[in-house]
Structure formats: structure tokens, C-alpha cells
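In what follows, a single structure is set out as C-alpha cells and then discussed.
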Amino acid sequence: MIKVEHLEKKFGDLTVLKDINVEIHKGEVISIIGPSGTGKSTFLRCLNLLEIPTGGKIFIDGIDILDKNTDVPKLRQKMGMVFQSFNLFNHLTVLDNLTIGQIKLLGKSKEESEKRGMELLKLVGLAEKADSFADELSGGQKQRVAIARCLSMDPEIILFDEPTSALDPTMVSEVLAVIRRLAKEGMTMAIVTHEMDFARDVSKRVFYMDEGLIYEDGPPSQIFGNPQKEKTKAFINRIRSFNYHIDNPDFDFYEMNAEIEAFCEKHAFSHKAINNILLVVEELIVLYKTQSEVINIDLSIAYSEKHNNIEIVFESTGREGNIIENAEPDDIGAMIIKSKTENLEYKRVNEKNILSMFVKKG
Amino acid sequence: MDFGSLIMAAATNKIDMISSTLMITEERKKQIDFSDPYIKLGASLFIRKNSPAIEQSGKMKVLDDIAGKTVGVYAGTIHDAFVEENYPTAVIKRFNTPADIILSLKMEKIDVAMMDLVSANLMLRTNPEIGILSEDALTLPVAAGFRKDNPELLNSFNQYLKEIKEDGTYDKMYKRWFIDDPEKAEMPKFEFDKNAPLITLAVAVGDLPNSAIVNGEHVGFDVELIKTFAERKGYNLKINTMEFAALIAALASGKADIIADGMSVTEERKKHVAFCDNYNVFKTAVLVLNKNLDSKTASVINSNETEEPFLENSFLKSITDSFHSNIIQENRYLLIIDGLRTTIIISILATLLGTFLGGLICFMRMSRKRLLLIPAKVYISLLRGTPVLVVLMIIFYVVFASVDIDPVLVAVIAFGLNFAAYVSEMFRTGIEGVDRGQTEAGIAMGFTKVSTFINIILPQAVRRILPVYKGEVISLVKMTSIVGYIAVQDLTKASDIIRSRTFDAFFPLIMVAVLYFLISWLLMVLLGYIERKANPKFKTYRA
């Protein structure tokens, strides 16, 4: 249905998409994942020419959409798009958002399009909001209306550009539920998302994007369970880890702790383990601060399901040396760290001191 | 009690009668009732000649006393230059109509007024509190001005002057306007040959006897003189009204062929204007308030009779009188209606032109092509950085200098250009204020760029723009009050003309203020209606 050949997109000197070759078939649900800044959204926006590619070809049902003679607006009617920021038409009611395209583009009558609009609103559970305006809806409701608006054009494929990124965590699931329902009904979809669980459940194929390429393309079981390539592995591991960067002695300590706790709770760590992690992190930072003039720390906490262990990696710049060994023998901080962790290791790599350790869970 | 508190005491019923050599003044009459005067008191009796008290009290007896005073003159007249040259210590205030000068004198905004003797005598008749300090401060010949590049017309006119002086037409005309009461003078009927070459006469409608508008017709000695000329020599004549100060500029830029309004011949003017032989002399009167006039030298004006209507005056009666003289008499309401129509036409057409042009400029300004962007930027900064009055005059006197164009059209163009510069930036902020995502959503849905703009962006932008746009339209309406500068008779000019005849500030000004307010208010209501229409929430909540 969609065939992409050697797609390339540059913004000035910056190459965002290098050489993308891929085919999307009818009925497929594709999740596009990857670190930020690797061109996931750009790729999606190139498919309906919201961004004009600087090289390569895109065919939709065999038609080259970059050809000057192609009626692009007509083609776009067949490709719905759902945006991160919803983009409902603010001057129209919810129902009018669903009818404007049908009336002005598909040439349907007002009655016909309103009937179809109400059907779709029922589908996304918002029929009672038909006469409301966008600013009277919650984020989740807006996004569901936006999905219904796409459906009102009877598209052959819907492109989702991070549909839940701008939502409160409480509203993510209502939007995902609607997308799941569409997937079940056989709608062709391409979804850029950071919701890994959702991507694993709903999609037939997962594109892992990195370095401006579709770095790895495979079924979710492969990408999430057994990634083949180096960067995919690192990414999948990283999404299981917590990362925090500190470059200011007056950083927000409470915010960091709250984020660590949130990460721990997501992985259902024991209460004891959480306390140990917080304690070790705090003592590491105190030790580092007393021994170093500059403050530049990359902290990561990773959980491995396979080995069932929690690893803390403390990367810092500054003079070479193990801050724990350098501490006074009776330093209480160093003693706490030693007692709460095992397999403490120190390395010096690329002018950086790297301390790694496993936190005891009991 | 203190002298100073006497009147207050009477006014507040603390005492029933005051007797303390109290002079009757208008000011005091407002507070208390006077008995019939029982003694005439000359203020100068108490003051010695040349004492500091004279200087302080501001009493004047000779022309030279105007040194150091505030002197009101008719802008652009020779009085202006005369006072500046001879009394450098005097403060000069320039006015556009004799009526304004008299009013300012009465309200003591100025100490001394200078104007031609004939107008002055007329004014004295209706303004008893004013007296003449000097009757012949400056005497100069009066002539009509012609374009320097058109000597045929000038020669023809001089020939005509000789003829009428010989055949007695001139004497009859002169008697009617200058010796008899010019208020009662009647203009003869004129017939112009519509196919004959057209000449344009420009006048300032100062007042009778030279030139004025009565019953909607140009009348006066100068007007009759030139009308007679046009009829006799076979020309078609058109008369334009403009500020006195603008007459010479109009002639120089070809907007007029002849200018005449009791214009005296000076060296300065001769540089720009070819004058015909003089047909009159111009005497200057210097006017001051009687109370500032040294009683010994004051030319006593028959003030006793004229004060009478004032005595039995009630507020209601004065309003009625004022209404009658300012609106009914001489069909003056026609002037107001004409002026109102002109103001409305200019406002509406300039708004339409400006909105259309503003849209275009906004489109250019938002374009990425430098060829469109740069001119739009230059246009906006130029027009916003220039006073609209200057733009108006540049378009009239410079751009269309040699084109015969209706000044109303010039006003529409000038205000339209100015309005466009302001609203184009308003449109731009309105459009840029609409979230970029709205455009993307429209395009992603399958709308073209243009239909996205029309269906999605424009309705939202209009809603943002309207409140500021409303204010801009209203300020445009009020700004049109300066079109008098290019000889357009709008509402403000109509009130000027009426004031030049009635010397009443209150009624014409208040009435014009009310009319402007009504126009603005109606526009506000209309635009408010559109604003509600553009608000989708209003629509659905009503339905």
C-alpha cells in the first residue's frame, strides 16, 4: 500500500532521515519506536508530505506522491493523521469538526455527514459532547475526537504522531483503548509512540528507528524480546532503566528522588530495595560533592528481569579516583554504600569515573 | 466682610444685599441679581497713567500696548507676519476662522485679536463686550491671486476690472457689500456656460463681506466679483472651499486657478502668486475686550441695546436660540447633513479600501519572498511613521497636483492607505496567533493550503482581530475630521462654517461631538454584531 524508497530528509545541514526503505501493507499496525531526535515523527510527516522529503520516492497504491502532477490533497484524504497536540478546529463544535471534511471535501450532505459524525462519536464514546468546543474537553477527550475526525474521512491508513505524549498519565489509557479497538477492526495504522507495552500488544510490526534509518524492523516479539542489533538492544535495555543528569550543586534533589521512586514502583521493587537505592544515591552524591570541584553526574538505575538485579551506575567527571576508596576509613557515607551494595566496581573510561554496583534487595 | 467674599455670601443666602461699589459683570451676574446700575464707574479712574497697575491690569489704549500680549490672528494672513515683525514680544496664536478668534477673545484665551476692519465691525455688532483698540493698524491693497503660468487669465481679469469700474458695476457691488449691511446683501443670479473652459476658484469661507456660505451658497463681494467675471468672459466656474492658509498652496499646485478672500498683496505672496490689480483695500482692526480697554480711548460701541436679549435669558431659551441660529437659520442643517454624509462616505470607503489593501499588505508581509516582503515592510513603517494629515496633504498637493481629482476621493485614498498599514499588522498578528497545528490538521485532512486558510484559519483569526479592528475603525472615523485641510466639507468643516457665521462655540461643537459619537456608536454596534456572529459559542448557545 505504501512503499518508501531511499527516503531522505535534511533540515539545512542536519540530516534527519538518511536512507529509508520500507513497505507498509494493508491491515498492518506498525509501531515506530526509538530515542528522541531520530526522525520518527519526521518519517511519519513525510508520508503525507507535511514535510517534503529532500530525496527518495514514496508510492501510495503505486502512485508517486512526489510527482508534480499528483493531486496530493486528494491523496491526503485517504491518510488520516492524529497529532500529539490534537489540533481540533477550535472554532467548530465537536460534531462540526467531524462534518467539515465530509461536507467540503467528500461532498456529502449535511444530514448524511452529521449522521456519520454521530456514529463515530459514539464509537469513541463522546456522543454527548457533540455540541461542545475543543476548549471544553479534557486532553484524552480531544484526542478521541481527533481520531473520530480522521475516521470521518474514511481513510485507508491513519498515521499517529505520538498520540499520548501530551496527555496526563490518567488519560493515556482511554486513547489507547480507542486505538486498540481500531486495530482489532483491521484499520491500517502507523503509530509513533513511547508506550512500549502498548506497542508490544497492538502492533504486527515494530520499526526501531535510529541514526536516521529504520535500524531494525521486526515483529514485537523480536524487537522487545530478542533484539538483533546492538543499538536496539541498548535502547530496549535503557527503557528499562532510569537516567538522571546532574550538573548543578543546587539541583532539585526532591524531584530526582520522586522520579527514582516512580521508576521503582513501576517495576514493583520492594520497599526495602527502594530505601536502599535512595540511600546509596544520596551518599554517592554527597561523597562526590566533597571530593570534586565540578559537578557533572550521569546517574542510571537499571533493572534486569532476567537476572533479577538492580544496578546503579554513577558516571562523573573530575579527578581520576574512586570516591569510595578515597574517603576517610570511618566515613559513614562510604560505609553505608558498602553495606547496601555488592559487586562494587570502578573504571576510568573517556576521562570519566564510572562506579557500578548492585543494590541489595533485602 | 472682605470684598472678595461678598458675592459668595449673597449667593449662599448669608446676606440679602450687597452695597460696596460693586461693578456689574457677566461673571458676577451668574451668581447674584443686580439692581439697575446707579453709577457708572470707570476703572481707569483709580489708576494713574503708566503706573505698574496699568501694566498689571492689562488695560490698553494704543496699538503699541499689544506688545507682550497674546495676540490672535487668522492663520496665514498678513497680520501674522505683521505682529511677529513689529511686536516680537507678543505671543501669536493662529486660528483658522475669525469666529475662533472672537471666541478666544471672549473667553480670554487671547488678549488681542486682529482682523480686517469690515469683519471686525460685523462682529462688534453681535459681541458687545468687545471694543476696537485701533482701526488702521495695517492697510494694504486687496486683490485676487492667479497662477503665474496663466497670464492670459490674469490679463483678462484686469481688463474686466477696468470695465466694471468704468460702467459702475463695481460701485454697485461695493456699496451692497461694504457700505450697506452685508448680511442683507443679495447675490445676483448667475448662469455659467457648462461647455465653456472650467476655472476653479478657491476661497476660505471666513465671513462676510468677502466670502461666506449662506444657505449653502457661496456669497460675498469677492465671490460675486469673480462670478461676474466668469459669466461676462464666458467661463464655467467651480468654487472650492479650503483653509485660508492653504489657498496659496492650492494655487501653486494647480488645484485652483484663482484664489480670492480679501487677500492682501504682500511681497512674500507675490513670489508665489500673480496678483491682479487691487480691487479693494484692506484695513486691520485690533480688537480687545472692553474691560481691558482704557476707557478714555475706547471707541464706545452701542452696547446698551444689544445687551437686552441677555437680561431676560433663561438657559432653555438660550439653547433654543442657539439651536435656531445654528441649525435652522440660513438652512444651516443642510450644511450639517452634507457634512455628515461626507464624513460617513469617507469613513466607510476608507475602511473598505483600507481593509482590502491591508489584507493584501498582510499577505505580502507574511510571504517568504523578499520581493513581496520588503515592500510590505517599507510600506508599513512609512505609513505608520507619517502623520495622516501630512499623507493627506502630500497626496492632494503633490501626488495629484496636476490631476483634477475629487478631494473626497483623495481623502478616501489617504485614510485607506493609513488604515491599511495599521490593520495589515493587526491581521498578521491575528493570523499568526492561530496555532500552526490548525493549518497542519487542515492540510493533513486533505484541504488545500488556500481552503485551509479560508475554512480553518480565517474564522479563528477574524475572532481575534475584530476587537482591535473595531477600535481602529472608530479612530479612523474621528481622524477624518482633518479633511477640511484639502477643501472637503465634512462634519467638522460644516461646524467651522457655521461658527464663522454665528460666533457660537457651544452649540455647533457639542452637536458635532454628538454626531461623531453617534456614528462611532452605530459602527460599534454593527461591528459588535459581526463579532458575535464570528463567535461560534454565541451562535450555538442562542440556537
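Here is how names work: the chains are called A, B, and so on, in the same order as the sequence lines, proteins then strands, and each is numbered from 1. Owing to the predicted nature of the structure, the values given are computational and were not obtained by experimental measurement.
- Separation of atoms OG (A:Ser85) and CZ (B:Arg436) is listed at 11.5 Å; rounding is to 0.5 Å.
- Both the backbone and the side chain of A:Ile100 come within less than 4.5 Å of a heavy atom of chain B.
- In this structure, chain B has a heavy atom under 4.5 Å from the side chain of A:Arg45, while its backbone stays farther away.
- The stretch residues 457-484 of chain B places B:Pro459, B:Gln460, B:Arg463 near chain A, each with some heavy atom under 4.5 Å from a heavy atom of that chain.
- Heavy atoms from other residues, nucleotides or ligands lying under 6.0 Å from OH of B:Tyr397 number more than 12.
- No more than 12 heavy atoms of other residues, nucleotides or ligands lie within 6.0 Å of CG in B:Leu371, so this atom counts as exposed by the packing criterion.
- Below 4.5 Å, heavy atoms of chain B meet heavy atoms from A:Asn48, A:Leu50, all part of residues 47-67 of chain A.
- Of all residues in residues 68-84 of chain A, those placing a non-hydrogen atom less than 4.5 angstrom from a non-hydrogen atom of chain B are A:Pro73, A:Arg76, A:Gln77, A:Met79, A:Met81, A:Phe83.
- For B:Tyr529, the OH atom sits in a loose shell: 12 or fewer heavy atoms of surrounding residues, nucleotides or ligands are nearer than 6.0 Å.
- Using a 4.5 Å heavy-atom threshold, the side chains of A:His91 and B:Asn535 count as separate.
- When all heavy atoms of B:Phe447 and A:Lys104 are compared, the pair lying nearest together is CE2-CB, 3.8 Å.
- With sequence neighbours left out, the salt bridge (Lys or Arg N to Asp or Glu O under 4.0 Å) criterion links A:Asp154 to A:Arg116.
- Counting only distance, with no hydrogens or angles, the side chain of A:Asn87 and the backbone of B:Ala441 share no donor-acceptor pair below 3.5 Å.
- Within the 4.5 angstrom heavy-atom criterion, no atom of A:Asp161 approaches chain B.
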